[in-house]
There are 2 protein chains.
Amino acid sequence: MAKADIHDVAKAAGVSISTVSRAFTRPELVSEKTRRKVLDVADRLDFNISRSATALKSGRTNRVALLMNEDISSWFNTEVFAGIESVMHPAGYDISLFQHIDTAATRREFFTDLPIRRNVDAVFVASFAIDPHEVEQLRRIHVPIVGINIPSTDGFDASISIDDEGGMRKAAQHLISLGHRRIVYPCSEAVEDMGASIDARARGFIRACEEASARRDLDWRVLTVPRGPEFVDSALSALLALDEFPDAICCQMDMMAIPLVLKLERYGRSTPRDYSIVGFDDSIYAREMGLTTMRQDPRAMGRAAADKALRLINGEDLGEAHEIVEPQLVLRGTDAPYAA
Amino acid sequence: MAKADIHDVAKAAGVSISTVSRAFTRPELVSEKTRRKVLDVADRLDFNISRSATALKSGRTNRVALLMNEDISSWFNTEVFAGIESVMHPAGYDISLFQHIDTAATRREFFTDLPIRRNVDAVFVASFAIDPHEVEQLRRIHVPIVGINIPSTDGFDASISIDDEGGMRKAAQHLISLGHRRIVYPCSEAVEDMGASIDARARGFIRACEEASARRDLDWRVLTVPRGPEFVDSALSALLALDEFPDAICCQMDMMAIPLVLKLERYGRSTPRDYSIVGFDDSIYAREMGLTTMRQDPRAMGRAAADKALRLINGEDLGEAHEIVEPQLVLRGTDAPYAA
DNA sequence: TTGAAAGCGTTACCAG
DNA sequence: CTGGTAACGCTTTCAA
């Protein structure tokens, strides 16, 4: 009696298979008494409705795809995943994860084979510099396509993205308004590639500085360092090599800011005493560290994206399909007014 | 022509549906020419084999369940997930994640409703203080049950766990062998609850100290602090309240060690100059920080667990069903010989 | 409120 | 190498 099927249950409960089915999926159509009996028997026989059969019958797959350019283990990706999961799982969906769609080879493989075709009810594209041709390919699977932090909404049925440029501009403005004069932006393509976000953030910094320069004296610069696992050390060297150490440092992400603070401490540069620094993300350890930073909430973005997907799947109407969210400045302990 | 089914493809290719099916799943049984034709047509019609139908027919679900006591976003859980995913995804399985099986309520709900019954091909239990009765319930779904960092292997078909006690013992021994005399173990149930690991690690520390005390003078103690989001600050206060500041600190996890190093710096205590400290996990920022720590590799554990599950699903034999792995001491910059 | 039967899209056996 | 056909386990009319 390894596996009882719906017939076994029907027989044991003295009803038809239709009734067994209804007892599970439309309990209100079955008399209290019959239902209890059926569910009882089912429990005794370790029976449950088969998702595969339900899926087949209904024409839905109860599965969604999530595309990420790199590994799920970065802070951003994990949070997005958790957010999507928290909505989709209770709704009965599995998430089929496609990571590392980053090299030319994996991209081609994915977008030409399109393994998810006819096998998902929606597609999420997370923080992914997807190109228009690829979106076009995706559309061929004829399901809603929802983006999270995507460079362009073209071809997407819905999306939610963070305003990277505006956020970083706000961060720089904060530093400037504190009175700092020498302000530096260490910039690299990080190991954990955030794709287009990196560029947008740099633009925000530059914009804030240019705007401020029109009004007052400001010595600002972008310090470009090579990407790779040593990007923090590269930034550190570049910073230390400056003629004059800056009053303020604006970082593209907390993963840059946090190690920098630690390492600078060892070179006798202490924040906020000697310099102000602000991060971006409000990710792991930022709170522990007391890092002043721009907060974004990728988990909430995941949830919002999932809500949209669900509505799209059910043919409902979306209020606004495409959303932009503003990161928030979180003041903690690494910024202080300029004191010459 | 929204959705073409197997019949449409068969017709368009001038073959039977059997041949279409075989062209996809048993290409070697179909002539090169026919196969190309079929795949061509299929691609043109945006057709693909339905996983639901295949699953139904085969009696498999192509889905596994992963149970975690808390959120997926902790370092350990993310890595385990990524490890399992890297093996199961290519093998054609989706992962159905069940998080937050931690309160009495969610546990009861999960283990009595057993929503995964008949709907997964295997179950993973990750870092989960599951009780014997719950395991018994799980067995009722009649699929392989594979554990990762579980307190007891009872009822599990396979497992892989880290030797927390042995690892922490090794960490403490290292500190002792460096000649340190006053050694402290700040201990709390962390926010990100690692369940039984916490206890095992404390035991390892105590054991090392007791063993060493028999041989030489050693002033050691466990500093218990309340759990909660402020556990690091609690540990910090406790440490600073000591009559004499310790030579060495042994931490239950990097999430304790790293913020501690940072905060102690602000109180003028600098490592390795003033004290040695070793963490546990080798998780985020440990390398950046130069933290000496005990490394464990949860991603590799996830992979190993998934390999076992796959073999079990396919009815193959496991060499050794239950594995224990030893964490490795990674020497970096936060330990130094005792210098009075 | 319940039962009978058709059909969802495959796969696999058996013929040819 | 290819085609016909019977399941796989459910849901859903339609009748009773």
Side-chain angles (χ1 to χ4, degrees), chain A residues 1-39 41-42 45-63 92 115-121 141-142, chain B residues 1-39 41-42 45-63 92 115-121 141-142:
Chain A
M1 62 138 275
K3 297 206 172 180
D5 69 3
I6 200 170
H7 294 98
D8 301 328
V9 177
K11 198 178 327 163
V15 299
S16 73
I17 62 165
S18 320
T19 301
V20 176
S21 170
R22 280 189 288 250
F24 278 91
T25 46
R26 275 184 174 24
E28 70 280 10
L29 296 185
V30 177
S31 79
E32 166 73 20
K33 189 153 146 285
T34 317
R35 188 183 56 210
R36 292 194 56 83
K37 170 120 204 176
V38 170
L39 296 182
V41 171
L45 300 184
D46 288 351
F47 172 86
N48 212 349
I49 292 292
S50 150
R51 300 231 294 152
S52 311
T54 304
L56 175 58
K57 183 64 187 163
S58 70
R60 287 190 174 184
T61 67
N62 295 317
R63 177 168 43 235
I116 58 180
R117 184 188 286 172
R118 282 220 325 159
N119 280 306
V120 297
D121 297 329
I141 73 179
H142 306 295
Chain B
M1 61 138 277
K3 298 205 173 182
D5 68 3
I6 200 170
H7 293 98
D8 301 327
V9 177
K11 200 179 322 164
V15 298
S16 72
I17 60 165
S18 317
T19 300
V20 175
S21 171
R22 281 189 288 250
F24 278 91
T25 45
R26 273 182 176 25
E28 69 280 9
L29 296 184
V30 177
S31 79
E32 165 73 22
K33 188 154 146 283
T34 316
R35 189 183 54 209
R36 292 195 56 83
K37 170 120 202 179
V38 170
L39 296 181
V41 172
L45 298 184
D46 288 352
F47 172 85
N48 211 350
I49 292 293
S50 150
R51 300 228 296 151
S52 311
T54 304
L56 174 58
K57 180 64 185 160
S58 70
R60 288 188 173 184
T61 66
N62 295 318
R63 177 169 42 235
I116 57 180
R117 184 188 287 174
R118 284 218 324 159
N119 280 306
V120 296
D121 296 329
I141 73 179
H142 305 298

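Every chain is numbered from 1, with letters handed out A, B, ... down the list of sequences. As the structure is a prediction and not an experimental result, all values here were calculated from the model.
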*For B:Ser18 and for B:Ser58, locate the closest nucleotide of DNA chain D by heavy-atom distance; then report the residue assigned to the nucleotide nearer the 5' terminus.*
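On the 5' side of the pair lies B:Ser18.
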
*5'-most by nearest nucleotide on DNA chain D - B:Leu56 or B:Val15*: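 First, find each residue's nearest nucleotide; the 5'-ward one identifies B:Val15.
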
Over all atoms of both residues, closest heavy-atom pair of [X] and [Y]:
X       : Y       : value
A:Asp5  : A:Phe47 : C-CE1, 3.7 Å
B:Val15 : B:Thr34 : CG1-CG2, 3.8 Å
B:Ser16 : B:Ala10 : C-CB, 3.7 Å
B:Ser52 : A:Thr61 : OG-CA, 4.3 Å

_Close side-chain approach of B:Arg26 to B:Glu28, heavy-atom, < 4.5 Å_ =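 When only atoms from C-beta onward are counted, B:Glu28 and B:Arg26 do touch, with a gap below 4.5 Å.
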
*Checking side-chain contact (heavy atoms from CB on, under 4.5 Å) against A:Ser21, which of A:Ile17, A:Thr19, A:Thr25 comes through?*
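It is A:Thr25; the other options fail the test.
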
_Start and end of the DNA chain D segment that chain B contacts, any atom under 4.0 Å from a heavy atom_ =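 For DNA chain D, the relevant span reads D:dC1 to D:dC10.
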
Report which part of the nucleic acid [X] touches: base, sugar-phosphate, or nothing (heavy-atom distance under 4.0 Å, all strands).
X       : value
B:Ser52 : nothing
B:Thr54 : sugar-phosphate
B:Ser21 : base
B:Phe24 : nothing
B:Asn48 : sugar-phosphate

Quick check: does any side chain N or O of [X] sit under 3.5 Å from a backbone N or O of [Y], one acting as donor and the other as acceptor?
X        : Y        : result
B:Arg51  : B:Gly92  : yes
B:Arg22  : B:Val30  : no
B:Asn119 : A:Ile49  : yes
B:Asp46  : A:Ile141 : no
B:Asp8   : B:Lys11  : no

_Leading and trailing nucleotides of DNA chain C with any atom under 4.0 Å from heavy atoms of chain A_ =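 Nucleotide range in contact with chain A: C:dT1 to C:dT10.
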
*Once you build an axis from the first five pairs and another from the last five of the helix from C:dT1-D:dA16 to C:dG16-D:dC1, how far apart in angle are they, to 10 degrees?*
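The end axes of the helix from C:dT1-D:dA16 to C:dG16-D:dC1 are about 30° apart, to the nearest 10°.
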
